[in-house]
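Worth knowing before you read on, the calculation uses all heavy atoms, side chains too, and leaves out hydrogens, waters and symmetry mates. In listed order, ligands and their atoms are each counted from 1.
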Amino acid sequence: MDNKIVFITGITGQDGSYLAELLLEKNYKVYGLIRRSSNINTQRIEHIFNNKNLILRYGDLTDGTCLINILSEIKNNHKDMEKLEIYNLAAQSHVKISFEIPEYTANADAFGTLKFLEAIRSCGLEKIARFYQASTSELYGLASHSGANILSETTPFYPRSPYGVAKLYSYWIVKNYRESYDMFACNGILFNHGGVRRGHNFIERKITLGLGKIVRGETDRLTVGNIDSKRDIGNSKDFVEGMWRMLQQDKPDDFVLATGVMHSIRELIEMAFKLKGFDICWKGEGLDEIGYDKNTGRELIFINEKYFRPAEVDWLLGDATKAKEILGWEPNTSIEELLGEMVEQDCK
Ligand code: NAP
Ligand code: F7E
C-alpha cells in the first residue's frame with residue numbers, strides 16, 4: 001500500500017523547502033508545485049533537485065485546471081494509495097505588499113485555497129486527501145480587541161491587512177469543507193517563523209542581512225519602519241515538523257504553533273547587533289529616531305515611513321499548549337539561537 005505520497009505547494013519557499021527535505025528523509029514521494037519565473041526561483045531546493053523521489057510540476061494556485069491535472073496525475077501514478085498528504089503553503093506571503101496587490105493576494109491566498117479544495121473533490125480524492133492549510137497569526141491582527149494577552153485557537157480573529165483577510169477566508173473554507181464534506185482538512189495557525197532561508201524583506205532577515213552589510217563595510221546603515229511592534233518568532237525548521245504532525249492525527253483539527261516568547265523589532269535589532277559587538281542605544285523620536293552604537297557614537301539604524309503599513313498588527317504572542325498536548329510538538333529554538341544562526345550566515 002502506497003501511503004507516503006505528498007503534494008506541496010510553495011515548495012520553492014522557506015517552509016516548503018524545509019518540509020520537502022523532512023519528507024524526503026522520511027521516504028515520501030514528494031510532488032511539488034513550482035511557478036514559472038523569468039529567472040531561477042528554485043535556489044532553496046537546489047540541494048534536493050535531483051532526488052529521484054522529488055517530482056516538480058509547473059502551476060499556479062490561481063489556475064484551478066493545473067491543480068486538477070496534477071492531482072489526477074498523482075492519482076494515476078499511485079492507484080493503490082490510501083492517503084495523500086497535501087500541504088498548501090503557496091501564498092503571496094508579504095503583509096505590507098498585500099496592501100499594494102490586494103486583488104492578486106485574494107486570488108492566490110483566498111480563492112486559491114477554494115480552487116484547491118474543489119480540485120480535490122473533482123478528482124474524487126476527498127476521502128483520501130489530508131489537507132494542511134498555512135493559516136497565520138495575522139488572522140488575530142488587532143489582537144487587543146479580544147481582551148486576550150496571549151492568542152490561542154479560541155481567540156477571535158480581527159485581520160488587519162488584505163493578506164490577513166484573504167487568509168481568513170481560507171481558514172473558514174477549510175473548516176467549512178471539513179464540516180460539510182467530512183474532509184481531513186487542518187489549519188495550522190502559525191506565528192512568525194524564519195531562519196537562514198527566510199525571504200530578504202521580512203524583518204528578522206532584513207536585520208541580519210543589513211548587519212552583515214554594515215560589518216563588511218558595504219553600507220553604513222539599516223533603514224526600517226515601525227520598531228515598536230512585537231512578534232513571537234520561531235524557527236521554520238521546527239514549525240514544518242508541527243505541520244507534518246497535524247496530518248498524522250486520527251482526526252483533523254486546527255492548531256497554533258508558536259514559541260510563547262515575544263520581542264519588539266527594536267529588541268531584535270539590539271540583540272542581533274550585540275552579536276557583532278554593537279551596543280545599540282536610541283535617540284530622537286518617531287521618524288527621527290536613530291539607533292547608534294554607544295561605544296563609537298556611529299549612527300546605524302534609521303526609520304523611514306515607507307516601511308510602515310496602513311494598518312499595523314501591534315503584537316502577536318501565541319499559546320501552543322494544544323499542539324504540545326495533542327501533537328507532542330514544542331519549538332526547539334530560542335530567538336537568541338535563531339538570530340545567532342542567521343547572523344553567523346549573513347555576516348560571513
Ligand atoms: P514564502 O517563503 O514567501 O514562500 C511562498 C511560496 O509560495 C513560494 O514557493 C512561492 O513561489 C509560492 N507562491 C506564491 N504565490 C503563488 C501562487 N500564486 N501559486 C503558486 N505558488 C505561489 O513563504 P513561507 O514563509 O515559506 O510561508 C509558507 C506559508 O505559510 C505561506 O502561505 C505563508 O503565508 C504562511 N505563513 C508563513 C509564516 C511565516 O512567518 N513564515 C507564518 C504564518 C503563515 P515563488 O518561489 O515562485 O515565489
Ligand atoms: O513584519 C515591522 C512590521 O514583514 C514584522 C509573514 O511571514 O508573519 C509574517 O508577517 C513586523 C511588522 O512580518 C520593517 O511593521 C518594521 O510589525 O517581517 P514582517 P509580518 O508582517 O509579521 C506572519 C505570521 C505571516 O503570516 C506572514 O506571511 O516588523 N517592520 N520595519 C518591518 N517589516 C518589514 N518587512 N520591513 C521593515 O523594514
Legend entry - Under 3.5 Å: donor-acceptor pair, side chain of E312, backbone of F308: no
Inset, instruction - Please answer whether the main-chain N or O of K348 pairs with a side-chain N or O of R216 as donor and acceptor at a distance below 3.5 Å. - result: yes
Inset, instruction - Using atom types as modelled and distance alone, determine if a side-chain donor or acceptor of N107 lies under 3.5 Å from a backbone N or O of T62. - result: no
Inset, instruction - Would you check the N or O atoms of G225, main chain and side chain alike, for any that come under 3.5 Å of an N or O of ligand 2? - result: yes
Inset, instruction - With heavy atoms under 4.0 Å as the rule, classify the contact between Y163 and ligand 1 as side chain, backbone, both or neither. - result: side chain
Inset, instruction - Just need the protein heavy atom nearest to atom 31 (C) of ligand 1, so name the residue and atom and give the distance. - result: L89 O, 3.1 Å
Inset, instruction - Can you pull out the closest protein heavy atom to atom 17 (O) of ligand 2? Residue, atom name and distance to 0.1 Å, please. - result: S229 OG, 2.7 Å
Inset, instruction - May I ask you to check whether Y87 and D15 show a side-chain donor-acceptor distance below 3.5 Å? - result: no
Inset, instruction - Report yes or no: does S264 contribute a side-chain atom to a donor-acceptor pair with the main-chain N or O of K230 at less than 3.5 Å? - result: no
Inset, instruction - First locate atom OG1 of T9, then atom CG of N88, and finally report the distance between them rounded to the nearest 0.5 Å. - result: 4.0 Å
Inset, instruction - Identify, for atom 27 (O) of ligand 1, the protein heavy atom at the shortest distance, and state residue, atom and that distance. - result: D15 OD2, 3.7 Å
Legend entry - Atoms of ligand 2 close to S137 [distance to a heavy atom under 4.0 angstrom, numbered from 1]: 24 (C)
Inset, instruction - Record the part of K167 in heavy-atom contact with ligand 1 below 4.0 Å; permitted values are side chain, backbone, both and neither. - result: side chain
Inset, instruction - Give the atoms of ligand 1, by number and element, whose distance to some non-hydrogen atom of D60 is under 4.0 Å. - result: 17 (C), 18 (N), 19 (N), 20 (C)
Inset, instruction - Identify the protein heavy atom lying closest to atom 38 (O) of ligand 2, giving its residue, its atom name and the separation to 0.1 Å. - result: K206 NZ, 2.7 Å
Inset, instruction - Could you tell me the residue and atom name of the protein heavy atom closest to atom 1 (O) of ligand 2, and the distance to it rounded to 0.1 Å? - result: R309 NH2, 3.4 Å
Inset, instruction - Around atom 15 (O) of ligand 2, find the nearest protein heavy atom and jot down its residue, atom name and distance. - result: E312 OE2, 2.6 Å
Inset, instruction - Assert yes or no for the condition that the ring centre distance of Y171 to F157 is strictly below 6.0 Å. - result: yes
Inset, instruction - Check whether any side-chain heavy atom of I86 sits under 4.5 Å from a side-chain heavy atom of I120, and report yes or no. - result: yes
Inset, instruction - Assess the side chains of T223 and N304: does a donor N or O sit below 3.5 Å from an acceptor N or O? - result: no
Inset, instruction - Give the atoms of ligand 2, by number and element, whose distance to some non-hydrogen atom of I265 is under 4.0 Å. - result: 11 (C), 29 (O)
Inset, instruction - Could you list which atoms of ligand 1 come closer than 4.0 Å to a heavy atom of N192? - result: 40 (O)
Inset, instruction - Return the option from G59, S93, G13, A90 holding the heavy atom at the smallest distance from atom 23 (O) of ligand 1. - result: S93
Inset, instruction - Can you sort out which atoms of ligand 1 are near T12, meaning under 4.0 Å from one of its heavy atoms? - result: 8 (C), 9 (O), 11 (O), 45 (P), 46 (O), 47 (O)
Legend entry - Mode of R198 contact toward ligand 1 - side chain, backbone, both, neither (heavy atoms, under 4.0 Å): side chain
Legend entry - Which of the ligand 2 atoms, numbered from 1, are nearer than 4.0 Å to a heavy atom of T136: 23 (C), 24 (C), 25 (C), 26 (O)
Inset, instruction - Please determine if G16 has a nitrogen or oxygen closer than 3.5 Å to a nitrogen or oxygen of ligand 1. - result: no
Inset, instruction - Using the six-membered ring of Y307, assess whether NZ or CZ of K206 lies under 6.0 Å from its centre and within 45 degrees of the ring axis. - result: yes
Legend entry - Protein heavy-atom partner closest to atom 47 (O) of ligand 1 - residue, atom, separation in Å: N41 ND2, 2.9 Å
Legend entry - Region of Q14 that comes within reach of ligand 1 [heavy atoms, distance under 4.0 Å]: both
Inset, instruction - Only heavy atoms count here, so choose which of E138, H193, R198, H200 is nearest to atom 7 (O) of ligand 2. - result: R198
Legend entry - Shortest protein heavy-atom distance from atom 35 (N) of ligand 2, along with the residue and atom involved: N201 O, 2.9 Å
Inset, instruction - Could you tell me the separation between the CG atom of D109 and the NZ atom of K167, rounded to the nearest 0.5 Å? - result: 5.0 Å
Inset, instruction - For the residue pair F239 and W329, categorise the inter-ring angle as parallel (less than 30°), tilted (30 to 60°) or perpendicular (more than 60°). - result: perpendicular
Inset, instruction - Hey, can you tell me if F7 and F116 have their rings parallel, tilted or perpendicular (30° and 60° cut-offs)? - result: perpendicular
Legend entry - Heavy atom of the protein closest to atom 6 (C) of ligand 1 (residue, atom name, distance): G10 CA, 3.6 Å
Inset, instruction - For T136, counting its heavy atoms only, list the atoms of ligand 1 lying under 4.0 Å from any of them. - result: 43 (C), 44 (C)
Inset, instruction - Under 4.0 Å from a heavy atom of V95: give me the atoms of ligand 2 that qualify, with their elements. - result: 10 (O), 21 (O)
Inset, instruction - List the steps and the verdict of side-chain hydrogen bond (donor to acceptor under 3.5 Å, both in side chains) for E241 and Y18. - result: CA-CA 9 Å; E241 165 79 27; Y18 281 125; over 6 Å; no
Legend entry - Numbering as shown, the atoms of ligand 1 that approach S135 to under 4.0 Å (heavy-atom distance): 43 (C), 44 (C)
Legend entry - Non-hydrogen atoms of D293 and D279 that approach each other most closely: OD1-N, 2.9 Å
Inset, instruction - Ignoring hydrogens and angles, tell me if any N or O in the side chain of K115 forms a donor-acceptor pair with the backbone of L67 under 3.5 Å. - result: no
Legend entry - Numbered atoms and elements of ligand 1 in range of A91, under 4.0 angstrom, heavy atoms: 5 (C), 7 (O), 13 (N), 14 (C), 15 (N), 31 (C), 32 (O), 34 (O)
Inset, instruction - Look at atom 12 (C) of ligand 2 and say which protein heavy atom is nearest, naming residue and atom and giving the distance to 0.1 Å. - result: R231 NH2, 3.5 Å
Legend entry - Proximity of F308 to ligand 2 by residue part, where a heavy atom lies under 4.0 Å: neither
Legend entry - Donor on one side chain, acceptor on other, S17 and R197, under 3.5 Å: yes
Inset, instruction - Could you find the nearest protein heavy atom to atom 39 (C) of ligand 1 and give me its residue, atom name and distance? - result: H193 CE1, 3.3 Å
Inset, instruction - Without swapping roles, check the side chain of H200 against the backbone of L209 for a donor-acceptor pair under 3.5 Å. - result: no
Legend entry - Heavy-atom proximity to atom 28 (O) of ligand 2, best of S135, S93, S236: S93
Inset, instruction - Tell me yes or no: between the side chains of Y28 and E85, is some donor less than 3.5 Å from an acceptor? - result: yes
Legend entry - Selected option - heavy-atom contact closest to atom 18 (N) of ligand 1, from Y104, Y87, F239: Y104
Legend entry - Shortest non-hydrogen separation from I150 to T155 and the atoms involved: O-OG1, 4.1 Å
Inset, instruction - Give the residue and atom name of whichever protein heavy atom lies nearest to atom 8 (O) of ligand 2, and the separation in Å to one decimal. - result: N192 ND2, 3.1 Å
Inset, instruction - Indicate yes or no for a side-chain donor-acceptor contact from N187 to the backbone of S135 under 3.5 Å, with no hydrogens or angles considered. - result: no
Inset, instruction - Go through ligand 2 atom by atom and flag the ones less than 4.0 Å from a non-hydrogen atom of Y307. - result: 38 (O)
Inset, instruction - Any atoms of ligand 1 less than 4.0 Å from a non-hydrogen atom of L190? List them with their elements. - result: 42 (C), 43 (C)
Legend entry - N or O contact, R35 vs ligand 1, cut-off under 3.5 Å: yes
Legend entry - Per-atom contacts, ligand 2 versus V224 - under 4.0 Å to a heavy atom: 31 (N), 38 (O)
Inset, instruction - State whether a side-chain donor-acceptor pair under 3.5 Å links S170 with T113. - result: yes
Legend entry - Ligand-side contact atoms (ligand 1) for residue partner A134, heavy atom cut-off under 4.0 Å: 29 (C), 30 (O), 32 (O), 35 (C)
Legend entry - atom 30 (N) of ligand 2: nearest protein contact (heavy atom, Å): N226 O, 3.9 Å
